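Before any comments, here is the structure.
Keep in mind that this is a model prediction, so the values were computed, not measured.
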Amino acid sequence: EGHGMAVVTYNRGADRIMECALTSAALDLRCALVLGSTTGVIDQDLDTVADIDALSGVSLHSERIAATGEASTQDDTNNRANVDMGDFVFAPSVGVTALGAVVYDETTGADSGRELVWGMTFAVAQPIDGGFTLGIADLLRVATATD
């Protein structure tokens, strides 16, 4: 509770926390493309890849791409830390059409424990016959708090 006190989370603190989180050996982000259907994929209450697997008509492409170049940048102008990483580049897969993507933590190695981090659906279906690059810019923004 405030009780007249001023409280701030410094941008440096938010950035440092995210840098530590991104470089931890316990965090192993991967990306998979969503196939078949996107019904139910954008539900904030989903917890694991197994929850995606359980959605009717939804499947995930067999290729799973590991995240590279994870970094957090301090943003004093907007009072936040911006988390970015390298693009996810998928190999050609003839006859496969991506409807979206999910990013999850691979740490446990089983769908029941692979925790979902981020998901999206594409405005237009993406055939990946010639490969597919999912460009990543500001995957996550962590706002700092003031009171």
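Criterion: ILVMFWY side-chain heavy atoms under 4.5 Å apart, direct or through other members. Under it, Phe122 and Val58 are not part of a common hydrophobic cluster. Under the 4.5 Å side-chain contact rule for hydrophobic residues, Val96 and Phe132 share a cluster. In the hydrophobic cluster analysis, where Ile, Leu, Val, Met, Phe, Trp and Tyr join through side-chain heavy atoms closer than 4.5 angstrom, Ile52 is grouped apart from Val103. Both Met120 and Met85 are part of a single hydrophobic cluster, where members link through side-chain heavy atoms under 4.5 Å apart. By the criterion of side-chain heavy atoms lying less than 4.5 angstrom apart, applied directly or through intervening Ile, Leu, Val, Met, Phe, Trp or Tyr residues, Phe88 is not grouped with Leu116; the two fall into different hydrophobic clusters.
Here the CG-OG1 distance, from Asn82 to Thr73, works out to 6.5 Å after rounding to the nearest 0.5 Å. Atom CG of residue Asp28 and atom CZ of residue Arg30 lie 4.0 Å apart, to the nearest 0.5 angstrom.
Arg64 approaches Asp111 most closely through the heavy-atom pair NH1-OD1, 4.3 Å. Smallest separation of non-hydrogen atoms from Leu134 and Cys31: CD2-SG, 3.9 Å. The two residues Ser112 and Thr48 come nearest to each other via the heavy atoms O-CG2, 3.3 Å. Nearest heavy atom pair, residue Leu99 against residue Ala125, reads CD2-CB, 3.6 Å. Minimum heavy-atom separation, Ile136 to Gly86: CG1-O, 3.8 Å.
Remark: side-chain polar atoms of Arg114 are paired, donor with acceptor, to backbone N or O of Gly109 under 3.5 angstrom. A donor-acceptor pair under 3.5 Å is formed between the side chain of Asp75 and the backbone N or O of Thr77. No donor-acceptor distance shorter than 3.5 angstrom exists from the side chain of Asp87 to the backbone of Val89, with no hydrogens or angles considered.
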Distance-only check: which donor-acceptor pairs under 3.5 Å involve side-chain atoms of residues 32-41, not counting sequence neighbours?
{"from": "Ser37", "atom 1": "OG", "to": "Thr39", "atom 2": "N", "distance (Å)": "3.1"}
{"from": "Ser37", "atom 1": "OG", "to": "Thr39", "atom 2": "OG1", "distance (Å)": "3.2"}

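Under the side chain to side chain contact (heavy atoms under 4.5 Å, CB included) criterion, Glu63 pairs with His61, Ile65, Phe90, Ala91, not counting sequence neighbours.
Within the 4.5 Å cutoff, the side chain of Asp47 has no heavy atoms near those of the Glu115 side chain. When side chains are defined from C-beta on, Leu46 counts as touching Leu55, because their heavy atoms get closer than 4.5 Å. Between Tyr104 and Leu29 the shortest side-chain heavy-atom distance does not fall below 4.5 Å.
Sorted by first and then second residue, the side-chain hydrogen bond (donor to acceptor under 3.5 Å, both in side chains) pairs with a member in residues 116-130 form an empty list; sequence neighbours excluded.
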